[in-house]
Amino acid sequence: MTTTTTTTTLKPTDSTSKGTTTTTTPSATCYTDLPTFSAKAIKAITNNTVVTGKSLQRRSDGRVVLNGSSAVHPALHSNTLCFIEDGPGCKYKDYINIYNDETIPYASYKVLKFELGAPLTTYWSTTDWGVSSASPWGAQSWFLACATSVAGEYLLYLQTGSDIPAGQTCYLTQISW
């Protein structure tokens with residue numbers, strides 16, 4: 001791992017310590033000293049499903065999907081899953097957070113979204129066999145991948161029970177590096 005430390009300020013500096021400069025905006029914090037690293041893609045690992053081998057990605061609306069691309073490589077950092085996103089002169093942390101479905105809040109499948117800024121979900125972990133969440137719903141290591149209208153793309157949900165979104169074709173899977 002290589003650590004690159006530069007002091008680049010795009011807006012007035014909110015805090016500085018030990019050569020670290022962060023600039024806070026309403027939606028995200030700009031980091032100029034995040035490490036440069038190479039991480040493996042997070043993929044669906046459950047054998048014999050249509051999603052096996054598909055990579056975790058950020059869709060343009062922030063939703064977490066599985067697809068055939070391998071452009072995004074989220075990292076586990078301080079019990080959060082985040083993607084380090086390059087911006088002009090700095091880097092941003094794009095966190096994966098867990099939400100109840102807005103239309104059916106009691107459903108056992110939980111919406112996963114990438115969001116810039118502070119992490120709301122801080123109970124992700126990894127084991128030898130995959131990524132899991134020690135969430136308010138208990139330790140969970142199963143995810144629900146539901147087909148979208150885009151060929152080869154599947155919305156990813158944290159599965160905490162047995163519900164599935166109405167009218168969708170979904171597959172249970174686990175994910176890992």
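For clarity, every value in this text was computed on a predicted model and none was experimentally measured. These numbers come from the heavy atoms of this one structure, side chains and all, not from hydrogens, waters or symmetry mates.
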For this session: Please report the closest heavy-atom contact between K54 and G68, naming both atoms and the distance.
Result: NZ-N, 4.5 Å

Exercise. Does a side-chain heavy-atom distance below 4.5 Å link Q174 with W142?
Worked result: yes

For this session: Write out all pairs satisfying salt bridge (charged side-chain N to carboxylate O under 4.0 Å, His left out) with one or both partners inside residues 161-177, taking only residues at least two apart or from two chains.
Result: none

Problem set entry | Heavy-atom pair with the smallest gap, counting every atom of D101 and V111 | CA-CG2, 3.9 Å

For this session: Let me see the working for Y154 and V50 under side chain to side chain contact (heavy atoms under 4.5 Å, CB included), right down to the final yes or no.
Result: CA-CA 10 Å; Y154 299 84; V50 298; 3.4 Å; yes

Seminar exercise, completed: Between L158 and I98, the two heavy atoms sitting closest are CD2-CD1, 3.7 Å

Exercise. Passes side chain to side chain contact (heavy atoms under 4.5 Å, CB included), V64 versus L56? Steps please.
Worked result: CA-CA 7 Å; V64 178; L56 188 141; 3.7 Å; yes

Exercise. Sequence neighbours excluded, which residues qualify as side-chain contact (heavy atoms from CB on, under 4.5 Å) partners of T148?
Worked result: R59, V150, E153, L155

Exercise. Restricting to pairs with a member in residues 167-177, which pass salt bridge (charged side-chain N to carboxylate O under 4.0 Å, His left out), not counting sequence neighbours?
Worked result: none

Exercise. When rounded to the nearest 0.5 angstrom, what distance separates CD in Q159 from OH in Y171?
Worked result: 15.0 Å

Problem set entry | Under 3.5 Å: donor-acceptor pair, side chain of T52, backbone of T46 | yes

Exercise. Under 4.5 Å between any side-chain heavy atoms of P165 and L144, yes or no?
Worked result: yes

For this session: With side chain to side chain contact (heavy atoms under 4.5 Å, CB included) as the test, would you mind laying out the steps for L112 and R63 before giving the verdict?
Result: CA-CA 6 Å; L112 300 176; R63 291 294 302 270; over 6 Å; no

Problem set entry | Distance in Å, I45 CD1 paired with S176 OG, rounded so as to fall on 0.5 Å steps | 4.5 Å

Exercise. Between CZ of F143 and CD1 of I42, what distance do you get to the nearest 0.5 Å?
Worked result: 8.5 Å

Problem set entry | Nearest non-hydrogen partners of V51 and A44, listed with the distance | O-CB, 3.2 Å

Seminar exercise, completed: So OH of Y109 and CD of Q168: to nearest 0.5 Å the spacing works out to 7.5 Å

